[in-house]
Enquirer: 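Sending over a structure as structure tokens; questions will come in a sec.
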Amino acid sequence: MRVGIACDHGGFTLKSHVVEVLAENGCDVIDMGTDSFESVDYPDFAIKALESLAKGECDRIVLMCGTGIGMSMCANRVKGVRGGLCHDSYTARMSRLHNNSNCLILGGRTTGPAVAREIVQIWLNTPFEGGRHQRRLDKLEKIQDTVKRGA
Ligand code: RB5
């Protein structure tokens with residue numbers, strides 16, 4: 001599996017741990033930065049990874065910022081991206097079983113390396129259940145066309 005990874009300064013420490021776990025699990029990792037603690041804007045790095053997912057250069061992506069919230073907001077604006085902000089093994093498992101998450105989001109200031117390791121392993125290895133959950137994901141894809149602010 002080719003996995004793209006991107007973070008801001010708030011996710012920078014956690015990124016190296018996650019890259020290690022991805023590599024241990026046989027993934028080809030495409031690291032799109034950031035590469036220091038220097039303050040940056042998380043959308044700039046989210047866009048790099050989201051574009052690579054949209055172009056099919058990676059199969060899935062992992063995004064990290066301080067809380068994971070900003071990266072979640074970025075990810076879930078893009079059609080076809082199903083970003084799941086995961087805090088533990090349960091949310092990681094459910095993000096795959098029910099939501100077919102193709103974008104894992106972690107908070108570098110909320111999730112430590114040991115928990116992140118568990119989350120990444122589960123997220124990589126848990127299949128999507130399909131069935132009624134696919135019907136819900138089909139509806140989710142139409143939200144941007146259906147709900148127009150100010151319309
Ligand atoms: C950066 O200080 C912080 O706001 C960012 O990493 C993230 O938590 C945003 O949601």
Side-chain angles (χ1 to χ4, degrees), residues 1-89 91-113 115-130 133-134 136-145:
M1 192 189 294
R2 286 165 307 165
V3 180
I5 187 163
C7 67
D8 73 354
H9 52 290
F12 176 60
T13 303
L14 192 59
K15 179 164 67 100
S16 57
H17 295 287
V18 172
V19 166
E20 193 179 292
V21 180
L22 291 169
E24 280 172 20
N25 281 268
C27 298
D28 291 328
V29 183
I30 307 166
D31 186 344
M32 287 168 267
T34 189
D35 297 311
S36 77
F37 292 111
E38 186 188 334
S39 181
V40 293
D41 297 338
Y42 57 83
D44 296 338
F45 289 86
I47 286 167
K48 290 175 198 271
L50 289 161
E51 278 184 337
S52 87
L53 183 64
K55 287 180 190 156
E57 292 164 0
C58 8
D59 304 302
R60 296 195 202 171
I61 57 173
V62 181
L63 300 176
M64 285 158 292
C65 60
T67 56
I69 295 171
M71 286 298 200
S72 298
M73 291 178 173
C74 295
N76 287 310
R77 280 172 185 246
V78 180
K79 276 198 167 205
V81 176
R82 296 174 300 279
L85 174 55
C86 296
H87 290 107
D88 48 35
S89 53
T91 48
R93 185 169 294 108
M94 297 310 286
S95 79
R96 289 291 314 139
L97 286 174
H98 286 193
N99 309 113
N100 198 15
S101 161
N102 54 3
C103 171
L104 171 63
I105 301 148
L106 298 167
R109 295 173 183 157
T110 59
T111 302
V115 174
R117 167 173 287 275
E118 266 181 24
I119 290 173
V120 171
Q121 281 171 340
I122 290 167
W123 181 74
L124 287 174
N125 296 303
T126 305
F128 175 49
E129 269 181 11
H133 303 296
Q134 184 58 56
R136 293 162 187 167
L137 295 181
D138 292 342
K139 290 185 180 181
L140 179 157
E141 277 307 311
K142 294 179 190 146
I143 289 176
Q144 281 173 326
D145 299 325

Enquirer: Could you grab the distance from atom CZ of Arg77 to atom CD of Gln144, nearest 0.5 Å is fine?
Expert: 9.0 Å
Enquirer: List the atom of Cys103, the atom of Val81, and the distance in Å for their closest heavy-atom pair.
Expert: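 Scanning both residues, the minimum pair turns out to be CB-CG1, 3.9 Å.
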Enquirer: Looking at every non-hydrogen atom in both residues, tell me the closest pair between His9 and Glu38 and how far apart they are.
Expert: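 Looking at all heavy atoms of both residues, the closest pair is CB-O, 3.4 Å.
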Enquirer: Test: side chain to side chain donor-acceptor pair (under 3.5 Å). Region: residues 92-112. Which pairs qualify, not counting sequence neighbours?
Expert: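 Non-adjacent pairs meeting side chain to side chain donor-acceptor pair (under 3.5 Å): Arg96-Asn100, His98-His133, Ser101-Trp123.
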Enquirer: Side chains of Asp35 and Lys15, heavy atoms from C-beta outward: is any pair under 4.5 Å?
Expert: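 In short, these two side chains touch, coming nearer than 4.5 Å.
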Enquirer: If you round to the nearest 0.5 Å, how far is CD of Gln121 from CG of Leu22?
Expert: 10.0 Å
Enquirer: To the nearest 0.5 Å, how far apart are SG in Cys27 and CG in Leu124?
Expert: 4.5 Å
Enquirer: Just to verify, what does Thr126 make a side chain to side chain donor-acceptor pair (under 3.5 Å) with, not counting sequence neighbours?
Expert: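 Checked Thr126 against side chain to side chain donor-acceptor pair (under 3.5 Å); zero matches.
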Enquirer: Rounded to the nearest 0.5 Å, what separates atom CD1 in Ile5 from atom CD1 in Ile61?
Expert: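 Those atoms lie 10.0 Å apart.
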Enquirer: Would you list the atom pairs, donor with acceptor, under 3.5 Å between side chains in residues 40-59 and any protein atom, with sequence neighbours excluded?
Expert:
unit_1, atom_1, unit_2, atom_2, d
Ser52, OG, Ala49, O, 3.1
Asp59, OD1, Arg2, NH2, 3.4
Asp59, OD2, Arg2, N, 2.7

Enquirer: Specify the closest pair of heavy atoms between Leu14 and Gly107, including all atoms of both residues, with the distance to one decimal.
Expert: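 Here Leu14 and Gly107 meet closest at CD2-O, 4.0 Å.
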Enquirer: Quick one: does Val115's side chain get under 4.5 Å of His87's, heavy atoms only?
Expert: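 Answer no - side chains too far apart.
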Enquirer: CD1/Ile119 to CD1/Ile105 distance, rounded to the nearest 0.5 angstrom?
Expert: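 It comes to 12.0 Å.
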Enquirer: Are side-chain heavy atoms of Ile69 and Met73 found at a separation under 4.5 Å?
Expert: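 Yes - at least one pair of side-chain heavy atoms lies under 4.5 Å apart.
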Enquirer: If you take all heavy atoms of Ala75 and Leu63, which pair is closest and at what distance?
Expert: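 Between these two residues, the closest heavy atoms are CB-CD1, 4.0 Å.
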Enquirer: Mind checking whether Val62 and Val120 have side chains closer than 4.5 Å, heavy atoms only?
Expert: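 The answer is no, as the side chains (C-beta and beyond) never meet within the 4.5 Å cut-off.
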Enquirer: State, to 0.1 Å, how close Gly66 and Asp8 come at their nearest heavy-atom pair, and which atoms those are.
Expert: N-OD1, 3.9 Å
Enquirer: From Gln134 CD over to Leu140 CG, what is the distance, rounded to the nearest 0.5 angstrom?
Expert: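 Result: 10.5 Å between the selected atoms.
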Enquirer: Test your reading of the model: is there a side-chain donor-acceptor pair from Glu141 to the backbone of Lys79, 3.5 Å cut-off?
Expert: no
Enquirer: Would one find more than 12 heavy atoms of other residues, nucleotides or ligands at under 6.0 Å from atom CE of Met94?
Expert: yes
Enquirer: What closest approach, in Å, do Met71 and Ala6 show between heavy atoms, and which atom pair accounts for it?
Expert: CE-O, 4.2 Å
